[in-house]
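Each remark here refers to the structure printed beneath this line.
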Amino acid sequence: MHASGVGKALLAGFPEARVKQILYSKGLQRFTEKTRVDPAELFTELAESRERGWAIDDEERTPGMRCIAAPIYNELGETIAAVSISGPTVRLTSQRLGEFGPLVMRAAEQITSSIGGAAPHRA
């Protein structure tokens, strides 16, 4: 989960205690040179993903591939799924993340709404 856009979109929606439980039971396996294996770095990234509304996998699972994912919520505001796009880094450049991220987030919002879900209210 720590090395994929969908996984990080899900983790960002879970309570911190649940994320710690998952991370410490499964570990933070390195898949590429860009995989985050430091829990503090991952928690910082998850906070950024929550703030932004979408998560990124920047060649963390597969070299040359990027992913943008956004959470889908149920009626209780709980993260239950995510929607994502993936592509090669030559097409899904780091400069285009800011263009595609909001589009993926809007798709997730539409799915959330269509199933009667609601995003949680963040303080």
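It should be emphasised that the depicted structure is a prediction, and the values quoted were computed from it without experimental measurement.
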*asked:* Can you pull out every salt bridge (Lys or Arg N to Asp or Glu O under 4.0 Å) where at least one residue sits in residues 9-19? Sequence neighbours excluded, please.
replied: E16-K20

*If a pair satisfies side chain to side chain donor-acceptor pair (under 3.5 Å) and one of its residues is in residues 1-13, list it, with sequence neighbours excluded.*
K8-E45, K8-E60

_Derivation of the side-chain contact (heavy atoms from CB on, under 4.5 Å) call for Y73 and I80_ = CA-CA 6 Å; Y73 303 100; I80 58 166; 5.9 Å; no

*Take I85 and L103, measure what side-chain contact (heavy atoms from CB on, under 4.5 Å) needs, and give me the verdict at the end.*
CA-CA 10 Å; I85 62 168; L103 296 174; over 6 Å; no

*asked:* If I take atom CD1 from residue I115 and atom CD1 from residue I72, how far apart are they, to the nearest 0.5 angstrom?
replied: 6.5 Å

_Closest approach of A9 to A82 (non-hydrogen atoms, all atoms of both residues)_ = CB-CB, 4.0 Å

*So which residues get pulled into L42's cluster when ILVMFWY side chains under 4.5 Å apart are joined, directly or through others?*
M1, V6, L10, L11, F14, V19, I22, L23, L28, V37, F43, L46

*Tell me the salt bridge (Lys or Arg N to Asp or Glu O under 4.0 Å) pairs involving residues 72-97, sequence neighbours left out?*
R96-E99

_Strictly by ring pair (Phe, Tyr, Trp, His ring centres under 6.0 Å), give each pair with a member in residues 81-102 just once, sequence neighbours left out._
none

*Could you tell me whether the side chain of S114 and the main chain of I111 form a donor-acceptor pair under 3.5 Å?*
yes

*Does any pair with a residue in residues 61-72 pass salt bridge (Lys or Arg N to Asp or Glu O under 4.0 Å), and if so which ones, sequence neighbours excluded?*
D58-R66

*Indicate yes or no for a side-chain donor-acceptor contact from T44 to the backbone of A40 under 3.5 Å, with no hydrogens or angles considered.*
yes

*Among all residues two or more places apart in sequence or in another chain, which pass the side-chain contact (heavy atoms from CB on, under 4.5 Å) test with T32?*
K34, T35, P63

*asked:* Give me the atom names and distance for the closest heavy-atom approach of C67 to S84.
replied: SG-CB, 3.7 Å

*M65: which other cluster members, linking ILVMFWY side chains closer than 4.5 Å, directly or transitively?*
none

*Determine the minimum heavy-atom distance between S49 and A12, stating which atoms define it.*
CB-CB, 4.3 Å

*For L76, what are the other residues in its hydrophobic cluster, where any two members join if their side-chain heavy atoms are less than 4.5 angstrom apart?*
none

*Excluding sequence neighbours, so at least two apart, what forms side-chain contact (heavy atoms from CB on, under 4.5 Å) with A70?*
W54, V104, M105, A108

